[in-house]
Structure formats: structure tokens, C-alpha cells
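The figures here come from the full heavy-atom set of this structure, side chains too, leaving out hydrogens, waters and symmetry mates. Keep in mind that this is a model prediction, so the values were computed, not measured.
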Amino acid sequence: MLTPLAEISEPEFCALVHEAQKGNDQAIVTLLKLFEPTIEKLSWFIRMPQEDSKQCMRLGLLQMIQGNIFQ
């Protein structure tokens with residue numbers, strides 16, 4: 001079974017990221033939903049409470065999208 005991220009084409013994904021960078025809330029929510037299965041899987045391998053690790057990954061994703069990952 002494909003994850004939602006695998007079901008979206010590269011041009012669609014790039015357009016979504018571009019819209020999210022412009023502040024489109026719906027694009028941001030869509031990106032978070034696309035990455036949620038991956039975030040869920042990875043959260044099991046991080047040595048912290050699972051919900052905390054998921055929130056950290058979501059925040060990191062948002063920071064990468066906004067381009068201020070190093071701030």
C-alpha cells in the first residue's frame with residue numbers, strides 16, 4: 001500500500017510547498033497530512049514520549065518549509 005506521500009506527483013508536491021511557503025494554511029495542513037504516516041512510524045524510534053517526538057518532527061517540517069530551519 002502506498003503512503004499518501006507516494007501518491008502525489010513531484011510537480012504537485014513542489015506546488016504545495018511553494019503555496020505553503022507563501023503562507024497558504026490549507027497547503028500547510030495538506031503537507032502535514034502527507035507526512036503524518038512517516039511521522040507516526042518514526043516516532044516509535046525516538047527516545048522521548050511519542051506525542052512529543054511527533055510534535056518535534058511536525059515543527060521541524062514546518063520550519064523547513066518556511067525556510068527558517070536554522071533560526
Does the side chain of S43 come within less than 4.5 Å of M48's, by heavy atoms? no
d(H18 NE2, I65 CD1) to nearest 0.5 Å is 13.5 Å
Find out whether M57 and T38 are in side-chain contact, i.e. whether some heavy atom of one side chain is under 4.5 Å from a heavy atom of the other. no
CD1 of I8 to CG of L16, rounded to nearest 0.5 Å, is 5.0 Å
Value for CE (M64) from CG (L59), rounded to nearest 0.5 Å, stands at 11.5 Å
Hits for side chain to side chain contact (heavy atoms under 4.5 Å, CB included) against E10, two or more places apart or cross-chain, chain-then-number order -> C14
In this structure, CG of L42 is separated from OG of S53 (nearest 0.5 Å) by 9.0 Å
Residues at least two apart in sequence or cross-chain that pass side chain to side chain donor-acceptor pair (under 3.5 Å) with E40, listed by chain then number, are Q50, K54
Residues at least two apart in sequence or cross-chain that pass side chain to side chain contact (heavy atoms under 4.5 Å, CB included) with L32, listed by chain then number, are I28, R58, L61, L62
Salt bridge (charged side-chain N to carboxylate O under 4.0 Å, His left out) pairs touching residues 20-29, sequence neighbours excluded, are E19-K22
Sorted by chain and residue number, the side chain to side chain contact (heavy atoms under 4.5 Å, CB included) partners of V17 (sequence neighbours excluded) come out as F13, Q21, L31
